[in-house]
Amino acid sequence: MVRLKHRYLLVNILFPDLKNAPSAPRPKGVDELPYAIQFHQPSSDRMNAKLLMQMIRNGVSELFGDYGSGMIAGSLQVKYFSQATSTAIVRVSRDHYRLVWAALTFATHLPKPVNQACVFQVVRVSGTIRKAEEEAIRRARLSIRRAKRDTKTAQKVGGSADGRAAELNEDKDINLEDVSGFADGIDDADEPGDEDESD
Amino acid sequence: MPFHDLNIPYSSSQPSSALSHTLLFASELGYTTVALSLTFAGKLPSTPPPIPVSTLSIPQSLTILTRLTITISDASQNHRLSSFSPAYNLLALRPTTEKALQLCCTSLECDLISLDFTQRLTYPIKFTTVAGALNRGVRFEICYAPGISSSTSDDRRNLIAGATSLIRATRGRGIIFSSEARNALGLRGPHDVINLAQVWGLGQERGKEALCEEAGKVVKLAGMKRTSFRGVVEVIDGGGTSASATVRPTNEGGAEGRKQQATTKPAVTTQRAERGKGNEVVPSNGTKRKASVSSLGGGVSTTHDESEDKPLSKREMKRRAKKARMEGKAAGPDDTHPTDGAQDTTATSEFPIKHEALADSSNKVPKKKS
């Protein structure tokens with residue numbers, strides 16, 4: 001049995017351009033939000049998986065032409081997309097995932113109805129969707145803790161919160177390396193089932 | 001993993017908040033070292049303008065360097081390069097013509113050669129010119145942001161064409177990637193850039209190398225050129241550890257001292273590209289270069305030393321044993337000397353022939369224990 005092997009790309013959408021940021025009602029004190037939160041904003045409500053897929057297809061076709069479009073067409077799928085965390089998991093065939101990855105790198109903004117400037121960052125390449133999900137969850141957790149810690153330190157400047165010092169010290173254990181998660185590269189191995197293949 | 005982005009353009013007309021924003025985003029993406037770059041074309045001003053690093057709010061994990069980029073179109077602009085370079089951490093040249101490229105590769109003093117890939121490359125990049133530069137330790141830079149963030153497909157095509165031709169000419173060695181991003185939107189995560197490099201033909205390990213190690217080498221070499229005399233004598237903060245308690249064999253101490261010297265040693269490989277840098281460390285006695293380069297990697301293998309690649313010849317081993325004995329004898333009674341500022345590279349300290357000026361300080365190297 002010949003198995004189609006895939007790669008799952010976990011993609012973060014970052015919004016460094018704060019002035020034209022997606023979330024419509026800006027709370028007053030938005031500039032005091034720690035940067036960690038500001039960059040990882042939720043995307044607009046009009047953004048969805050279908051739009052992302054179209055965007056990737058267009059990008060690949062623009063960069064790699066008909067060859068690229070044909071190569072990825074069969075297996076390209078957006079498996080997961082969350083507006084709240086601006087995260088997506090994209091499935092591509094294993095042999096051509098770099099094309100899709102490059103297309104994401106070359107993308108400069110979200111497509112038509114949304115039209116925001118953004119930066120796509122591929123955070124994890126995995127052979128199984130499970131690992132990609134786990135990574136997404138881990139990152140979400142880390143970013144929550146980090147956001148909490150950043151707001152706490154921002155508040156702490158105003159008043160002394162000794163009771164919280166202990167909590168803060170706990171959070172110091174998260175070194176930011178974890179958040180970027182690049183300590184050991186971002187490629188995951190093939191699915192364990194692949195070992196059994198005899199091709 | 002130290003990711004470097006050695007080109008973030010700085011212009012005095014830009015509000016510093018925008019630049020701080022860009023730096024924050026860079027640190028968010030995972031970069032650890034960043035260089036702010038001033039660009040000049042044509043006439044250079046009389047004094048090098050400073051880049052006010054202190055006025056920017058710098059995120060904690062980020063190290064900021066300064067850099068000057070000079071556009072070279074003809075041969076007459078090069079007379080004041082050496083006077084400018086100490087004011088910045090890095091000096092980069094941007095040749096616009098083939099002749100200028102040749103000039104930069106062979107004769108001009110710089111740390112980086114960066115080609116402008118938004119313009120179509122009218123001339124083929126030849127391996128011979130490029131090899132000349134790599135021999136001297138000058139590396140090439142590919143700036144990806146102008147091609148990525150532009151909407152016209154021409155820019156992208158030129159970038160891809162130029163990048164692939166450069167990669168082909170250098171055979172993948174001695175290339176670094178940097179952004180040249182005018183604002184935060186032009187930055188891309190380090191792994192994304194590595195993937196781009198692979199799509200353009202750089203190969204598995206080289207892409208990562210291009211971002212971390214090569215860039216690190218550029219920075220260190222530039223630092224070496226500026227602070228030390230040809231890589232031999234470098235003033236390091238003494239620290240003043242009392243060495244009386246520990247008597248260490250000189251080899252190990254030598255290795256320690258070597259580690260502290262910011263390991264500027266390039267991996268001693270047989271590649272031509274690296275030999276240019278190895279030659280920077282000129283021992284003060286009269287040994288030939290090759291011998292000194294290989295002895296840099298030596299010492300005792302108690303410390304994990306990635307610079308030792310070649311198996312030692314018997315002659316080399318004998319020589320080292322003799323040095324160790326001599327150093328051990330000479331350094332024994334001198335244990336309690338505090339280290340002052342000046343220190344030798346271990347290459348010199350291991351040699352039994354004590355050069356006059358360095359005779360006093362050669363003993364102090366091995367005893368330093370951080």
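Throughout, a chain's letter reflects where its sequence line sits, starting with A, and its residues are numbered from 1. Please read these numbers as outputs of a predicted model, since none were measured by experiment.
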Intermediate values then yes/no, side chain to side chain contact (heavy atoms under 4.5 Å, CB included), B:Leu29 and A:Gln121: CA-CA 8 Å; B:Leu29 285 175; A:Gln121 186 191 21; 3.6 Å; yes
Intermediate values then yes/no, side chain to side chain contact (heavy atoms under 4.5 Å, CB included), B:Tyr144 and A:Thr105: CA-CA 11 Å; B:Tyr144 57 82; A:Thr105 308; over 6 Å; no
Chain B-proximal positions within residues 57-73 of chain A [heavy-atom distance under 4.5 Å]: A:Glu62, A:Leu63, A:Phe64
Spacing of B:Leu159 atom CG and A:Phe106 atom CZ [to the nearest 0.5 Å]: 5.5 Å
Reported CZ-to-CG distance for the pair B:Arg188 and A:Leu14, which is rounded to 0.5 angstrom: 9.5 Å
Side-chain donor/acceptor of B:His21 to backbone N/O of A:Pro16, under 3.5 Å: yes
Residues, nucleotides or ligands: over 12 heavy atoms within 6.0 Å of B:Arg182 CZ: no
Among [options], residue most engaged with chain A (heavy-atom pairs, under 4.5 Å):
options                      : answer
B:Gly147, B:Ala184, B:Gly186 : B:Ala184
B:Asp192, B:Leu196, B:Asn183 : B:Asp192
B:Leu185, B:Leu187, B:Val199 : B:Leu185

